[in-house]
Visitor: 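One structure is given below, represented as structure tokens, and several questions about it will come after.
Computed from a predicted model, the values in this text were never measured in an experiment. Only heavy atoms go into these numbers, but all of them, side chains included; no hydrogens, no water, no symmetry mates.
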Amino acid sequence: KYLYEPVYPKGSARVKVTPGYKEEQCAPALTLEMKKPVDLEAPISCLQTLQEDLLVATADGYLHMLHWDSVSNGRRAVNLCTIPFSLDLQSSRGGPCLDLDGVHIRDMEYCTTLDGFAVVFDDGRLGFITPTANRLATDQLQGVWAADVSDGTCVAVNNKYRLMAFGCASGSVLVYMIDSSTGSMQLSHKLELTPKHYPDIWNKTGPVKMIRWSPDCSVVMVTWDCGGLSLWSVFGAHLICTLGEDFAYRSDGTKKEPLKISSMSWGVEGYHLWVIGSTDATPVPDGAEGDEKLQQAGILQFQFIKSALTVNPCTSNQEQVLLHGEDRLYLTCGDPTQAHSVPDKSPSRDTSTPLSQGLSTLLGHKHWQVVQIHSTYLETNWPIRFAAIDWSGQCVAVAGRRGIAHYSLYTRKWKLFGNVTQEQNMTVTGGLTWWNDFVVVACYNFIDRQEELRLYVRSSNLDNAFASVTKLHADTLLLNVFRNVVILFRADCSICLYSIERRPNPSASVELLQEVSMSRYIPHPGLVVSVTLTSVRTETGITLKAPQQACSAESILLNLAGQLIMLQRDRSGPQVREKDTPANQTKLLPFCPPVVLAQCVENVWTTCRSNRKKRHLMEALWLSCGEAGMKVWLPLFPRDHRKPHSFLSRRIMLPFHINIYPLTVLFEDALILGASNETVLFDGPGSSSLEALFPFCTVERTSQIYLHHILRQLLVRNLGEQALMLAQSCAMLPYFPHVLELMVHVVLEEEATSREPIPDPLLPTVAKFVTEFPLFLQTIVHCARKTEYALWNYLFAAVGNPKDLFEECLMAQDLDTAASYLIILQNMEVPAVSRQHATLLFNTALEQGKWDLCRHMIRFLKAIGSGESETPPSTPTTQEQSSTGGFEFFRNRSISLSQSADSIAGGKFNLQKTLSVPSGPSSKGDSAENLYIDVMLWRHARHLLEQVRLRDLGCFSAQLGFELIGWLCRERMRVARVDDFVTALKCLHKDFLWPFPVIPACSINSPLKNGRCRPVLSSRLLKSQSADSLLNSDMDTTPPQVTTANHRWLDGLGAVSKELDSASSHGAPQTQEAFLSPLINKGEEYSIGSATDLTETSSMVDGDWTMVDENFSTLSLSQSELEHISMELANKGPRKSQVQLRYLLHVFMEAGCLEWCVLIGLILRDAGVIKQVVGFLDSPEVPSETVQSIRAGLIAVDLWASSDCLGYKPFLSLIRPQLLKLMEVPVEQVQPEAFQPAGASKLSEPPLLLLPRAEDARGAVASAHPLPLDGPAGANARPLDDTPQEEPEEEPLEEGSYDCTLS
């Protein structure tokens, strides 16, 4: 009974609900029986069925017409010789006639929309036979033939586009159209393989064997005698070919035999191509098992996915790339769940203009979002015929054999009809599209036998109860939406405009606005490919009210079999009435007669959005024209609302070529998106015939920028001002520099390699155009670097001398670009010139600390000298750093200063050791080139040291492998001296982000005055830190202002009192470290260090310190103690700076630059360093200038600290023994008044007793008004046992130095 019977899962709703449903789905078994033989007396060459007739061509040159019911109407035969053939129908009476003696028809096909036959004769000539009257009658046929073709083999016609494709013996396919005015056959385009893309096979394919147009007429498949398949779009854009790349070669590079095809046919909707391979030439693999399989021809099925634009060209599909296969959809939009739930995942998503998807979502990844169509829907409604996506890319609707379904990408759920009967009672005829959150459907209702326009709201259930239904009078063929207007194209060749309005109960109302009959212009309704409503007009509306005009639906665009026709509103009539008529009547302006805008159009893109900044791109019309590439109909605007030129108030059509097949135009982003077929080879074990023949195919997303084409076309047409406006509106795009580069590159390649002289070269114009942009210098040099050397002279003749451009780069501080110009200069100029420019750049790069560039420049300069610019010279390595590290390296390398102190026996300072390092940064030293570089490096090092830029000096040394120690040894008595210690110290603080030390506020009773405090205060603080007499004193005898906080603070320090005691009694300077170490370590654990100078300490206390964990709080610190700790931490710089300073200290120590060592010791407040340096000064090798310099410098620092930076006083007091030891060195001319003679003579005693005297002298410097006395400051200090001279020294304490003892 049935040939095929569907099997449904148990309990399938469809089978239960719909009576007779299962029977409908079965494929019936057919039986054939012979009714009557007809003898045509000659071999049949081909036959073609018509509605009621069968047309048969025989080898004796006759054309037989047989009626299906042969009894009532006998057969008629026409001899080809009697049919008049000419080049066109007008000259058919005269003109050359085709001699058809002994010629028969080899292949023919009937074209409905042209009403005639495309024929191929056995001598290879091509023709088109058409009846003169309406019906085919024996004597009323006439023909036209194609000139200059004599190798035709086969033919296929495309009814939708009225095209005839003739295959030729040469391997190319000629596509002809019929000229509507003369009736002649005109060559539209050729489908052929190009030697550029298929160099091995393009002329070896053999004759064309078969041509097959797809069911939707949008693509054509071709195969040749040698085998292989090739797919072209309707107007010749090449999509796929199996004769090249992975299809033709195995992974080991051996060539495959192409698949030979004996017959092929497209499946329903064009999702499949069914192929029968020819038996004779199928390759036989080595394996014995495969032999039998391959001898019989198998049926192959190729699966395809197609763009939604092929059958449903609505506007929302043009905003996104949407492809559909028989059971799935491919979308390019980004992942919607990310966009909604995790906003930080896609930061560049463009939220300001919700209508434009961000570039990141459309280009961010190569993956498709694949949506599987719901199996319940597919079960009864396969295949999918229409698909539409909304403008936001979040909702997709599909329509199969019956009904519709839609899917939300955000919820990832399908919505199907709840009522299966409703689904089965409608079929979509004219397509579907989205309007806001409604699905707009043009469908046929089987129950009412009525064509309808329905709107289903997305949020409700899919049910007719929630639908808005409008009855239509004729079958709808196409549907589109523009803003709030629906445009329908109907089978009676009329266009209807409806307005949609949202209603409160989630529904919408539809109202007819206007009907426009097109039957005068459209010969057959099936020829209309797409219909679009748009705001595009011929006049760009240059008046100031242009934006308002751009909002209204101005024109209708019809794609009529590849001809783009435009109907504009007729505004020529009286316009005054518009104000009087009610609002809904104003839209009913009539349309002007149609105008043809372009030929060979496959797709049209236009947008209803507007963007004032990018009006050129937003108001343009984009056309895809197959092999001819793309065209843009660009509006031209006058600048700044000036009065337009009479010749500029229009648009201009600009063609340009692209490398991808366009599926979407991103208007604002100046991008075209597409898709292409990519292949993946796999050679599995035991791969049978198919796997061996065909690679795995995937669909890749592609994109291309087109702006450079348009700018170039405008410049060619002397529209430079328009080009500039367009480019400036796009200058913010991320790939705009690439656009300029491409434009220069393409023009340069074309003009510089041209064989004939170019009368009007474009390159100077392009160069002048590019100079309008700040990226000019980079653009030119990048372009030059990417083109071959032979073209450089032509390029720089147009853009300017590279020497001038190099200097411009230097002036603009763009060193990387300057370096690129240097490579060009090296090739175009003599070595002396490039060395001179390289030196300039090298010095600038050194100054700016561009170390990578400096390394390249050193290599470059050496290469110029040695003449071998290809081999990079080896960079010399130095003893103090690794090639990778810079300063970071020394974080892991401990430079222990105490060890280096121990290694020098008895304080002897050994100069011979440091002088043994190689002199200069280059170990070769023999070549003049190296010396030249060394001199520059030395000069820069000297310059850095003079400016006290130690950090830069360290970076310079570490990054460029400069042997700093050796150089410093030689410069020890020259530039490596320090003239002004105070300035140098300030510079170091600034350079290393090292805060100036601050005194904790809790030790001061008066607020800071004018940013300074009295020097006496800090001396009291110092005394409390370093004298154990004060730490252990009896606090009851203190003045009444003393708080318990201070008491506890001193108690907290009491833990280290023994070390302090012993240290001070032996004169050793380790007290600072002993005092700081426990607190610093704790502090670092909580990372409270700060690189800034804290003037107010309370801010450190309130928030962070209250939550410190328990083991820290066991110290039971009070607020003031915490302030003190935080002060100590705040007085330290960043960890990185500390590592760098320690490294520099090591370097200066090795090189014997003791003044710098003292400075670094001061900033690090490391008493050990000072002790070590003072120890070195005894050595006879140390020149007396150094000793004097250090002594004078420390005195200057001491004076400066007393007046400007009290935070240094505690440390200076700590290193007092070293200062006094320094004073003792017998250099008589330095004897400053700040140090009393008594201090110089009594060095064996503890330094404590000298403090008041020194402080007193400094107090006089800082302020002439001493504070009032609170009481004898020294009263609480217990005398030390081993100081007999204590009484006379104690007296100055009562002279007003310590007036705010412990407040």
Visitor: Consider only side-chain N and O atoms of T702 and S676, and report whether a donor and an acceptor are under 3.5 Å apart.
Guide: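 No, no side-chain donor-acceptor contact under 3.5 Å.
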
Visitor: Looking at residues at least two apart in the chain, or sitting in another chain, which of them share a side-chain contact (heavy atoms from CB on, under 4.5 Å) with L477?
Guide: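 Result, side-chain contact (heavy atoms from CB on, under 4.5 Å) vs L477: F489, A491, P525.
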
Visitor: Would you please name every residue forming a side-chain hydrogen bond (donor to acceptor under 3.5 Å, both in side chains) with E245, sequence neighbours left out?
Guide: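 Not a single residue meets the side-chain hydrogen bond (donor to acceptor under 3.5 Å, both in side chains) criterion with E245.
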
Visitor: Is it the case that D53 and H67 place a side-chain donor and acceptor less than 3.5 Å from each other?
Guide: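 Their side chains do not contain a donor-acceptor pair, so the 3.5 Å distance test is not met.
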
Visitor: Flag the pair I83 / I129 as yes when at least one side-chain heavy-atom distance between them is below 4.5 Å, and no otherwise.
Guide: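 Heavy-atom side-chain distance check passes, below 4.5 Å.
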
Visitor: Under 6.0 Å between ring centres, would you say that holds for F121 and H104?
Guide: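 So the answer is no for these two rings.
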
Visitor: Decide yes or no for M221 and M264: does some side-chain heavy atom of the first lie under 4.5 Å from some side-chain heavy atom of the second?
Guide: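 When only atoms from C-beta onward are counted, M264 and M221 do touch, with a gap below 4.5 Å.
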
Visitor: How close do L55 and M65 get, heavy atom to heavy atom, and via which atoms?
Guide: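 Minimum heavy-atom separation between L55 and M65: CD1-CG, 2.9 Å.
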
Visitor: Checking Q142 against T130: is there a side-chain donor and acceptor pair closer than 3.5 Å?
Guide: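 The criterion, which ignores hydrogens and geometry beyond distance, is not satisfied for Q142 and T130.
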
Visitor: When you compare the side chain of I178 with that of F128, does any pair of heavy atoms fall below 4.5 Å?
Guide: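 Answer yes - side chains close enough.
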
Visitor: Looking at residues at least two apart in the chain, or sitting in another chain, which of them share a side-chain hydrogen bond (donor to acceptor under 3.5 Å, both in side chains) with T182?
Guide: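 Expected list: S184.
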
Visitor: Starting at CE of M177, measure out to CD of Q186 and round the result to the nearest 0.5 Å.
Guide: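 With rounding to 0.5 Å, CE (M177) is 5.5 Å from CD (Q186).
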
Visitor: What distance do N317 atom CG and S530 atom OG have between them, rounded to the nearest 0.5 Å?
Guide: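 Result: 12.0 Å between the selected atoms.
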
Visitor: Is it the case that the side chain of S214 and the backbone of G270 share a donor-acceptor pair, with hydrogens and angles ignored and the cut-off at 3.5 Å?
Guide: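 Checking the backbone N and O of G270 against the side chain of S214, no donor-acceptor pair under 3.5 Å is found.
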
Visitor: Could you tell me which residues satisfy ring pair (Phe, Tyr, Trp, His ring centres under 6.0 Å) with W232, sequence neighbours excluded, listed by chain and number?
Guide: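 Listed in chain order: H238.
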
Visitor: Taking only residues two or more places apart in sequence or in another chain, which ones pass salt bridge (charged side-chain N to carboxylate O under 4.0 Å, His left out) with E269?
Guide: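 Salt bridge (charged side-chain N to carboxylate O under 4.0 Å, His left out) check on E269 returns K306.
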
Visitor: Using the side-chain hydrogen bond (donor to acceptor under 3.5 Å, both in side chains) rule, collect all pairs that involve residues 198-213, keeping only residues at least two apart or in two chains.
Guide: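 Pairs touching residues 198-213 that pass the test: D200-Y249.
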
Visitor: Is R651 reaching over with its side chain to a backbone N or O of W633, donor-acceptor style, under 3.5 angstrom?
Guide: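 Pair found, side chain donor or acceptor close to backbone of W633.
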
Visitor: Checking W266 now: which residues fulfil ring pair (Phe, Tyr, Trp, His ring centres under 6.0 Å) with it, not counting sequence neighbours?
Guide: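 Counting only residues at least two positions away or on another chain, W266 forms a ring pair (Phe, Tyr, Trp, His ring centres under 6.0 Å) with F304.
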
Visitor: Rounded to the nearest 0.5 Å, what's the gap from CE on M653 to CG on L597? Could you check?
Guide: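 Output value for this atom pair is 5.5 Å.
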
Visitor: Determine whether Q563 and C600 make a side-chain contact, defined as any pair of heavy atoms from C-beta on separated by less than 4.5 Å.
Guide: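 With C-beta onward as the side chain, the pair stays apart.
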
Visitor: What residues form a side-chain contact (heavy atoms from CB on, under 4.5 Å) with S307, not counting sequence neighbours?
Guide: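 Per chain and number, S307 pairs via side-chain contact (heavy atoms from CB on, under 4.5 Å) with L309, L323, L663.
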
Visitor: If every non-hydrogen atom of M210 is compared with every non-hydrogen atom of I261, which pair is closest and at what distance?
Guide: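 Minimum heavy-atom separation between M210 and I261: CE-O, 4.0 Å.
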
Visitor: What verdict does the side-chain hydrogen bond (donor to acceptor under 3.5 Å, both in side chains) test give for S233 and E602, after you've listed the backbone C-alpha separation in whole Å, the side-chain angles of each residue and the deciding distance to 0.1 Å?
Guide: CA-CA 9 Å; S233 78; E602 292 182 6; 2.6 Å; yes

Visitor: Donor-acceptor pair, distance only, cut-off 3.5 Å: does the side chain of H709 make one with the backbone of H657?
Guide: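 Yes, because the side chain of H709 sits within donor-acceptor range (under 3.5 Å) of the backbone of H657.
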
Visitor: Tell me whether N159 contacts the main-chain N or O of T112 through its side chain, where contact means a donor paired with an acceptor under 3.5 Å.
Guide: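 Present.
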
Visitor: Who are the side-chain contact (heavy atoms from CB on, under 4.5 Å) partners of D151, not counting sequence neighbours?
Guide: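 Listed in chain order: V149, C168, A169, S170.
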
Visitor: Quick one: salt bridge (charged side-chain N to carboxylate O under 4.0 Å, His left out) partners of E750, sequence neighbours excluded?
Guide: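 Salt bridge (charged side-chain N to carboxylate O under 4.0 Å, His left out) check on E750 returns R712.
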
Visitor: Going through the checks in order, is the side chain to side chain contact (heavy atoms under 4.5 Å, CB included) test met by D570 and F591?
Guide: CA-CA 5 Å; D570 186 2; F591 284 92; over 6 Å; no

Visitor: Distance only, no hydrogens: is a donor on one side chain within 3.5 Å (strictly under) of an acceptor on the other, for S519 and S517?
Guide: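 There is such a pair between these side chains.
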
Visitor: Taking the side chain as everything from C-beta on, heavy atoms only, tell me whether R106 gets closer than 4.5 Å to C46.
Guide: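 R106 does not reach C46 side chain to side chain.
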
Visitor: Ring-plane angle category for Y706 and W622, please: parallel below 30°, perpendicular beyond 60°, tilted otherwise.
Guide: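 Taking W622 first and then Y706, their aromatic rings sit tilted (interplane angle of 30° to 60°).
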
Visitor: Return the set of residues passing side-chain contact (heavy atoms from CB on, under 4.5 Å) with T49 (not counting sequence neighbours), or none when no residue passes.
Guide: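 Per chain and number, T49 pairs via side-chain contact (heavy atoms from CB on, under 4.5 Å) with L54, W68.
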
Visitor: Between S555 and M566, is there a donor-acceptor pair closer than 3.5 Å when you use the side chain of the first and the backbone of the second?
Guide: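 Such a contact is absent between S555 side chain and M566 backbone.
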
Visitor: Under the 3.5 angstrom rule, does the side chain of S230 hit a backbone N or O of I240 as a donor-acceptor pair?
Guide: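 Yes.
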
Visitor: How would you list, by chain and number, every residue that makes a salt bridge (charged side-chain N to carboxylate O under 4.0 Å, His left out) with D123, sequence neighbours excluded?
Guide: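 R125.
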
